[in-house]
A.B. asks: 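Sharing a structure here in structure tokens format.
No experiment lies behind these values; they were computed from the predicted model shown.
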Amino acid sequence: NGQLVAFTEMRWEPPAEIRNTDLWVVNTKTSGTLRLTFTRENEGSPQWSADGRWIYFTASRGEEKGDPPYNKKTQVWRISVEGGDAQVVTRLPEGLDDFAVSRDGQTLYFTTSDQEVEDEWKDLREKHKDVEYGHGVENYSQLWALDLTTWRAKKLADPKRHIGAFSLAPAGNRIAMVTTPTDKLISNEGWSRLDIYDLRTEVTTTLRDSLWRDVAPSPYGWVEGPAWSADGSLVFTIHASNCSSFTLNWLLCGRDLTRFPETNSIFSAPTFSSILNLNGFNLLTISALHLRIKLILSSFSIPACLRSN
């Protein structure tokens with residue numbers, strides 16, 4: 001309802017002066033703040049429930065040898081906007097990577113990672129899992145759905161790739177995933193792609209990357225920041241920060257792909273750029289250049305795929 005904003009604040013707290021991140025809310029009318037968490041574990045990634053009563057967030061609580069969710073792995077928790085004790089939502093032995101709450105508040109979507117061995121020493125590596133290996137072991141992601149009524153989890157997709165980011169469509173029918181061959185940073189360079197998972201058909205479709213790589217200044221750009229508009233169109237960013245630094249924003253509407261015109265305000269070689277929202281023909285982005293954070297709202301003419309017949 002726009003009355004409260006959830007945010008995290010990092011500070012060094014006495015007496016140990018340990019760096020710690022906690023969850024807060026601020027009232028948009030009175031500017032009054034309320035601190036919700038006071039633990040030594042860092043809270044992050046706050047997301048609102050559909051009814052505005054709860055805030056979902058991530059935290060790694062407990063000890064490494066403890067039982068889930070107190071095993072120092074990243075889990076999802078939720079807390080009332082009025083404060084109090086946090087409630088655990090996930091109890092995953094190895095924790096999770098990312099999560100999103102559906103608009104109807106019925107489902108929590110999340111990704112996990114699983115190690116797979118793919119070389120001639122596979123049998124020995126699996127026998128001696130406590131040894132750290134320099135190669136041959138890859139981390140692949142899985143996409144899951146947790147029903148918040150029955151508390152049963154279902155695996156949706158196992159692409160044998162790393163899911164670096166994902167975004168749930170407002171209608172709750174599709175999930176956009178940025179995937180790479182492995183979780184190694186170098187695999188973003190020209191190998192990152194956009195996969196669309198259809199929750200109704202349970203089919204994943206990979207967008208043909210030649211649609212944007214062929215017209216980019218470099219074919220090695222990273223796919224970043226997938227976000228859906230209210231009408232179900234998808235916006236994403238192609239970004240590179242090498243010698244041919246550039247950022248291109250694209251709109252996928254149905255089967256039509258539209259490139260937003262370049263402007264000095266958006267395409268200023270940001271070190272990080274993410275699409276937050278697309279409403280009509282206004283594009284909202286975050287840009288960071290030379291340690292300066294900018295929130296930019298740019299207006300464009302209506303793309304062809306959004307024009308009514």
A.B. asks: A side-chain contact here means heavy atoms from C-beta on lying under 4.5 Å apart; do Y109 and L156 qualify?
C.D. replies: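 Sidechains of L156 and Y109: in contact.
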A.B. asks: Could you verify whether a donor N or O on one side chain and an acceptor N or O on the other, from T180 and S192, lie under 3.5 Å apart?
C.D. replies: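 Short answer, no.
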A.B. asks: Tell me whether T37 contacts the main-chain N or O of L23 through its side chain, where contact means a donor paired with an acceptor under 3.5 Å.
C.D. replies: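 It does hold such a pair.
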A.B. asks: For residues M177 and L168: do they belong to one hydrophobic cluster (side chain heavy atoms under 4.5 Å, members Ile, Leu, Val, Met, Phe, Trp, Tyr)?
C.D. replies: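 Linked, M177 and L168 end up in one cluster.
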A.B. asks: Looking at K184, K160, H162, R161, which hits side chain to side chain donor-acceptor pair (under 3.5 Å) with E138?
C.D. replies: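 The option that passes is K184.
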A.B. asks: Out of curiosity, does V178 fall in the hydrophobic cluster containing W228 (side-chain heavy atoms, cut-off under 4.5 Å, transitive links)?
C.D. replies: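 Yes, because W228 and V178 connect within a single hydrophobic cluster, where side-chain heavy atoms sit under 4.5 Å apart.
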A.B. asks: Check the side chains of Q106 and T149 for a donor-acceptor pair under 3.5 angstrom, ignoring hydrogens and angles.
C.D. replies: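 Yes, because at least one side-chain N or O of T149 sits under 3.5 Å from a partner of the opposite role on Q106.
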A.B. asks: When you check the side-chain N and O atoms of E41 and S60, is any donor under 3.5 Å from an acceptor?
C.D. replies: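 No, because no side-chain N or O of E41 sits under 3.5 Å from a partner of the opposite role on S60.
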A.B. asks: Going from OG1 on T204 to CG on D198, what distance comes out if it is rounded to the nearest 0.5 angstrom?
C.D. replies: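 One finds 9.0 Å between OG1 of T204 and CG of D198.
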A.B. asks: Has R11 got more than 12 heavy atoms of other residues, nucleotides or ligands less than 6.0 Å from its CZ?
C.D. replies: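 Enclosed: over 12 neighbouring heavy atoms sit under 6.0 Å from CZ of R11.
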A.B. asks: Any side-chain heavy atom of Y140 within less than 4.5 Å of one from D114?
C.D. replies: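 Answer no - side chains too far apart.
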A.B. asks: Say whether, by atom type as modelled, one donor and one acceptor occur between the side chain of S102 and the main chain of T107 under 3.5 angstrom.
C.D. replies: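 Pair found, side chain donor or acceptor close to backbone of T107.
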A.B. asks: Shortest non-hydrogen contact from P159 to S141?
C.D. replies: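 Scanning both residues, the minimum pair turns out to be CD-O, 3.3 Å.
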A.B. asks: What's the spacing between E9 CD and N20 CG if we round to 0.5 Å?
C.D. replies: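 With rounding to 0.5 Å, CD (E9) is 10.0 Å from CG (N20).
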A.B. asks: Between atom CG of N27 and atom CD of Q3, what is the distance when rounded to the nearest 0.5 Å?
C.D. replies: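 Taking CG in N27 and CD in Q3, the distance rounds to 7.0 Å.
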A.B. asks: Give me the atom names and distance for the closest heavy-atom approach of P226 to A165.
C.D. replies: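 Shortest heavy-atom separation between P226 and A165 comes out as CD-CB, 4.4 Å.
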A.B. asks: What's the spacing between T182 OG1 and N139 CG if we round to 0.5 Å?
C.D. replies: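 Spacing of OG1 (T182) from CG (N139) equals 9.0 Å.
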A.B. asks: Near W48 CH2, under 6.0 Å, is it more than 12 heavy atoms from other residues, nucleotides or ligands?
C.D. replies: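 It does: W48 CH2 has more than 12 such atoms within range.
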A.B. asks: Kindly give the heavy-atom pair with the smallest separation between G2 and T28, and that separation in Å.
C.D. replies: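 Closest pair (atom of G2, atom of T28, distance): O-OG1, 2.8 Å.
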A.B. asks: Taking atom types as modelled, is there a side-chain donor on S113 or D97 under 3.5 Å from an acceptor on the other?
C.D. replies: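 Note: S113 and D97 side chains meet the donor-acceptor criterion.
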A.B. asks: Do the side chain of T58 and the main chain of G44 share a donor and acceptor less than 3.5 angstrom apart?
C.D. replies: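 Confirmed, T58 side chain pairs with G44 backbone.
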A.B. asks: Give a yes or no answer on whether the side chain of D147 reaches the backbone of R152 with a donor-acceptor pair at less than 3.5 Å.
C.D. replies: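 Flag not set: sc D147 to bb R152 has no pair under 3.5 Å.
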A.B. asks: V81 and G52: which non-hydrogen atoms are nearest, and at how many Å?
C.D. replies: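 Closest heavy-atom pair between V81 and G52: CG1-O, 3.5 Å.
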A.B. asks: Would you mind listing the cluster partners of L92? Hydrophobic ones only (ILVMFWY), side-chain contacts under 4.5 Å, chaining allowed.
C.D. replies: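 ILVMFWY cluster around L92 also holds W54, Y56, V76, V89, L96, F99, V101, L108, F110, W144, L146, L148, W151.
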A.B. asks: With a 6.0 Å cut-off (strictly less than), is the heavy-atom count around CZ of R19, excluding the residue itself, greater than 12?
C.D. replies: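 Open: at most 12 neighbouring heavy atoms sit under 6.0 Å from CZ of R19.
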A.B. asks: Calculate, to the nearest 0.5 Å, the distance between atoms CD and CZ belonging to Q87 and R78 respectively.
C.D. replies: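 It comes to 4.5 Å.
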A.B. asks: Membership question, hydrophobic clusters at under 4.5 Å side-chain separation (ILVMFWY): are W24 and I79 in the same one?
C.D. replies: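 In one cluster: no.
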A.B. asks: Within the supplied structure, the quantity of interest is the number of heavy atoms (other residues, nucleotides, ligands) at a distance under 6.0 Å from D67 CG; does it exceed 12?
C.D. replies: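 No, not enclosed.
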A.B. asks: Measuring from S45:OG to I55:CD1, what's the distance to the nearest 0.5 Å?
C.D. replies: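 S45 atom OG to I55 atom CD1 measures 13.0 Å (nearest 0.5 Å).
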A.B. asks: Would you indicate whether the side-chain heavy atoms of V26 and L4 approach each other to under 4.5 Å?
C.D. replies: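 L4 does not reach V26 side chain to side chain.
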A.B. asks: More than 12 foreign heavy atoms under 6.0 Å from CG of D85: is that the case here?
C.D. replies: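 No, because the 6.0 Å sphere around CG of D85 holds 12 heavy atoms or fewer from other groups.
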A.B. asks: Hey, quick one: are L36 and F7 part of the same hydrophobic cluster, counting side-chain heavy atoms closer than 4.5 Å, chains of contacts allowed?
C.D. replies: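 No, L36 and F7 fall in different hydrophobic clusters.
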A.B. asks: Could you pull out the closest heavy-atom pair between R91 and P69, with the gap in Å?
C.D. replies: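 Residues R91 and P69, closest heavy atoms: NH1-CD, 3.3 Å.
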A.B. asks: Between the side chains of W222 and E189, is a donor N or O closer than 3.5 angstrom to an acceptor N or O?
C.D. replies: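 Looking only at side-chain atoms, E189 and W222 do form a donor-acceptor pair, the distance falling under 3.5 Å.
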A.B. asks: Should D195 and I163 count as side-chain neighbours, where that means a heavy-atom distance under 4.5 Å?
C.D. replies: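 D195 vs I163: side chains apart.
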A.B. asks: Can you find a pair of side-chain heavy atoms, one from R61 and one from E43, that are under 4.5 Å apart?
C.D. replies: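 Yes, close enough: below the 4.5 Å cut-off.
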A.B. asks: Determine whether L199 and F166 fall in the same hydrophobic cluster, where Ile, Leu, Val, Met, Phe, Trp and Tyr are linked whenever their side-chain heavy atoms lie under 4.5 Å apart.
C.D. replies: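 Yes, L199 and F166 fall within the same hydrophobic cluster.
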A.B. asks: I'd like to know if the side chain of N71 reaches the main chain of P93, judged simply by a donor and an acceptor atom lying under 3.5 Å from each other, with no hydrogens or angles considered.
C.D. replies: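 Indeed, once roles are kept as given, a pair shorter than 3.5 Å links the two residues.
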A.B. asks: Looking at every non-hydrogen atom in both residues, tell me the closest pair between A59 and W77 and how far apart they are.
C.D. replies: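 Heavy atoms only, the tightest pair is O-NE1, 3.6 Å.
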